[in-house]
Each structure stands twice: as structure tokens, then as C-alpha cells.
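Right, one structure below, let's go through it.
Along the sequence shown, the residues carry numbers beginning at 1.
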Amino acid sequence: MQWSRVKSIFLVILLLVDGFLCLNIAGKYVSRSYRQAENAHNIVEILSGQGIRVGAGFSLPDAHTLPVLQIDRSRADEDRFSYGLLGEDALRQEEQDGSGTVRYTSEAGTVSWQGGGQVTGAFVPAGYAAPSDSGEALRLARTLLTQAGLAAANLSLQADGLTVTASFPTAGVPVFNRALTLDFAADRVRLSGLWTFDTPYITKSGNYVTFAATDALFTLISREEVTQIDSLTAGFLLGESGSGRMQMTPGWRVKTNAGSFFVDSLKISSVLL
């Protein structure tokens with residue numbers, strides 16, 4: 001048998017195998033898409049039966065598997081952040097009441113950090129002139145956050161008039177209550193928010209939670225008075241767990257007509273964000 005004929009036979013066999021694999025993968029994709037559409041339709045029917053509408057852009061997300069994370073308070077990063085905004089001559093004073101509050105004061109203003117990652121402040125940057133629009137507010141916020149030691153390129157910045165909010169994801173999903181807000185007033189900048197610096201970590205092997213969107217929905221509607229569901233987003237909620245440590249709990253944010261709720265995957269409970 002000629003070698004060219006053997007090669008042709010091999011190529012035909014490979015094409016047949018590839019075609020079979022493509023058909024198999026396509027079939028699984030179509031079947032999965034059908035099941036997802038059917039599940040979403042069933043959920044909409046169940047909600048409608050309880051007098052709950054869904055928003056025009058509503059879709060039912062897949063179940064997410066996320067870890068329960070811990071993160072430590074970083075006094076060194078809090079120092080760097082505060083000195084970056086107030087100047088290196090800022091006076092650092094730690095409260096002796098056991099609250100973990102640290103206050104920084106200079107001629108520029110004040111910044112205070114509390115044990116659970118809460119930060120507040122009011123200060124006047126050198127040569128400060130209040131921005132005139134949201135574009136200027138975004139540029140000034142990026143400059144100030146970079147000056148405070150944050151990698152502004154990794155942050156998501158959103159402006160609402162002269163108020164800018166900074167955030168960043170963890171494990172590819174949002175942390176719903178972790179954000180810094182800079183409010184640019186006529187004579188000063190007001191700072192507020194909940195923030196972390198260090199890298200989060202897992203304390204127990206296999207400490208992962210799989211929590212379906214449908215479970216989050218049924219948990220929510222059994223506890224809260226809502227009449228419309230608009231969207232579901234998987235992510236974390238940051239909370240204090242003691243000894244300078246905070247916990248990042250996985251769950252779902254559900255946007256409704258009554259506000260946005262976080263459905264906790266561990267406690268199987270809901271809280272208004």
C-alpha cells in the first residue's frame with residue numbers, strides 16, 4: 001500500500017473522530033443551555049405564582065463555588081495610606097479603649113481607621129481645587145489613591161457627580177461592601193468606606209461553599225417582602241471576625257424593588273446592603 005494512501009486514510013479517520021467529538025460537545029452545550037433555560041422559566045413561574053415579578057434583564061446564573069476567606073488587618077498599609085494623604089508629618093495616635101481605632105492628624109486634616117476595616121476622614125490636598133465635573137473627579141481620585149499607595153490600575157472607579165467610589169474584586173467576584181468613597185466638597189475631600197489591604201487566605205482545607213442562585217432566591221423571598229427580582233450576582237461580604245481579622249463570606253447579591261440584599265451561604269440568611 002502506498003504511503004500517500006495510508007496518510008489519506010489516517011486523515012479521514014482523524015476527521016471522523018474530530019467530527020464526532022465536535023458533535024458530542026455541541027450536543028452537551030445545547031442540552032445544558034436547554035436545561036438552564038427551562039430552569040429559569042420554572043423559577044419565573046414559581047415567582048409569578050407568589051406575586052413576584054422579574055426584571056426585563058433577569059437571568060438565572062449558574063451555581064458558584066467560592067472559598068470562605070480570612071484577611072488580616074494591616075497596620076503598615078493603613079499607615080502608608082494615611083501618610084500618603086496627610087503627609088509624612090501626620091501624628092499617629094492609637095486609642096487605648098480596646099477598639100483598635102487609629103487616628104492620623106496633620107495640618108491637611110484627619111484619617112481614622114477602626115478595627116473592622118472602617119475608614120473615615122476629611123482633608124485638604126495640597127493646592128486643592130474642587131473638580132468641576134465627574135471626569136475631573138475621577139482623575140483627582142486616581143491621583144490621590146495612587147499617592148496613598150494603592151495600585152490605581154487595579155481599582156474600579158465610578159463617579160456619581162463629584163463623588164467617586166473605588167473597589168476591586170477578589171477571586172474574580174465583587175466584595176459587595178468593600179469600597180472607598182471620596183466626596184469632593186468645595187473646601188475639602190471627605191473619605192469613608194470599608195477597606196482591606198492584605199491578601200486573603202483559607203484557614204481550613206476544602207473550605208469551599210457551593211451555593212445555587214435558586215437557593216439564594218428562595219431564602220430571600222421566604223424572609224423579605226419583595227415584589228420584583230432584577231438580578232443575582234455571586235460575591236463576598238466582608239465582616240469582622242475578631243482579633244484584627246476579617247472574614248469574607250461567599251453568597252449572592254439580589255437586587256430587588258426593596259433594595260439590594262446579600263444572601264449568606266453559611267448562615268442561609270439575608271441582610272440589606
Side-chain angles (χ1 to χ4, degrees), residues 69-131 137-160 162-170 175-201 203 236-249 271 273:
L69 298 172
Q70 304 290 331
I71 186 166
D72 294 326
R73 180 178 182 179
S74 174
R75 301 295 183 93
D77 285 316
E78 292 176 3
D79 286 350
R80 189 177 303 110
F81 179 93
S82 304
Y83 291 136
L85 295 180
L86 301 179
E88 294 296 330
D89 61 342
L91 176 64
R92 182 185 189 276
Q93 182 177 8
E94 186 167 352
E95 299 296 327
Q96 301 301 313
D97 56 4
S99 64
T101 300
V102 181
R103 182 173 289 104
Y104 304 80
T105 307
S106 76
E107 290 184 358
T110 62
V111 171
S112 295
W113 287 91
Q114 297 178 9
Q118 292 279 355
V119 58
T120 57
F123 59 96
V124 182
Y128 178 69
L138 280 170
R139 287 190 289 273
L140 182 53
R142 192 175 299 277
T143 298
L144 291 174
L145 293 175
T146 300
Q147 181 180 309
L150 300 185
N154 298 328
L155 300 177
S156 173
L157 299 180
Q158 294 184 332
D160 180 7
L162 301 184
T163 299
V164 177
T165 301
S167 62
F168 68 96
T170 292
V175 182
F176 299 120
N177 59 338
R178 182 177 61 193
L180 286 175
T181 298
L182 294 170
D183 181 22
F184 295 100
D187 59 342
R188 71 190 63 199
V189 181
R190 294 186 179 90
L191 168 72
S192 62
L194 181 67
W195 202 249
T196 62
F197 294 96
D198 274 356
T199 302
Y201 54 89
T203 56
F236 294 101
L237 193 72
L238 187 65
E240 191 172 5
S241 60
S243 301
R245 178 185 294 175
M246 289 164 279
Q247 178 168 291
M248 300 174 69
T249 303
V271 61
L273 290 173

How close do [X] and [Y] get, heavy atom to heavy atom, and via which atoms?
X	Y	answer
D89	S106	OD1-CB, 4.2 Å
V164	A141	CG1-CB, 3.7 Å
G115	R73	CA-NH1, 3.2 Å
P131	L140	CD-CD2, 4.2 Å
G116	L194	O-CD1, 3.0 Å
A185	A130	O-CB, 3.4 Å

Check: In a check of side chain to side chain contact (heavy atoms under 4.5 Å, CB included) between L238 and each of L69, T170, T196, which one passes?
Finding: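 Single side chain to side chain contact (heavy atoms under 4.5 Å, CB included) partner of L238 among L69, T170, T196: T196.
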Margin query: Under the side chain to side chain contact (heavy atoms under 4.5 Å, CB included) test against L157, which residue among T165, L182, L145 passes?
Written below: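 Only one of T165, L182, L145 forms a side chain to side chain contact (heavy atoms under 4.5 Å, CB included) with L157, namely L145.
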With heavy-atom distances below 4.5 Å as the criterion, would you say the side chains of [X] and [Y] are in contact?
X	Y	value
Y201	T199	no
V124	D187	no
L180	L155	no

For [X], look at atom [atom1] and say whether over 12 heavy atoms of other residues, nucleotides or ligands are found less than 6.0 Å away.
X	atom1	value
R92	CZ	yes
Q158	CD	no
D160	CG	no

Nearest 0.5 Å, please: how far is [atom2] in [Y] from [atom1] in [X]?
X	Y	atom1	atom2	answer
L237	N177	CG	CG	4.0 Å
R75	R80	CZ	CZ	14.5 Å
T101	Q118	OG1	CD	10.5 Å
L150	F197	CG	CZ	6.0 Å
M246	F236	CE	CZ	14.5 Å
E107	L91	CD	CG	12.5 Å

Checklist line | Identified ring pair (Phe, Tyr, Trp, His ring centres under 6.0 Å) counterpart of Y104 within the set F123, Y83, W113 | finding: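 By the ring pair (Phe, Tyr, Trp, His ring centres under 6.0 Å) criterion, Y104 pairs with just one of F123, Y83, W113: Y83.
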Next item on the list: In sequence, state the C-alpha distance, the side-chain angles, and the governing distance for V119 and V111, and then conclude on side chain to side chain contact (heavy atoms under 4.5 Å, CB included).
Entry: CA-CA 7 Å; V119 58; V111 171; 3.9 Å; yes
Margin query: Once you measure the plane-to-plane angle for W195 and F168, does it fall in the parallel (<30°), tilted (30-60°) or perpendicular (>60°) bin?
Written below: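 Perpendicular.
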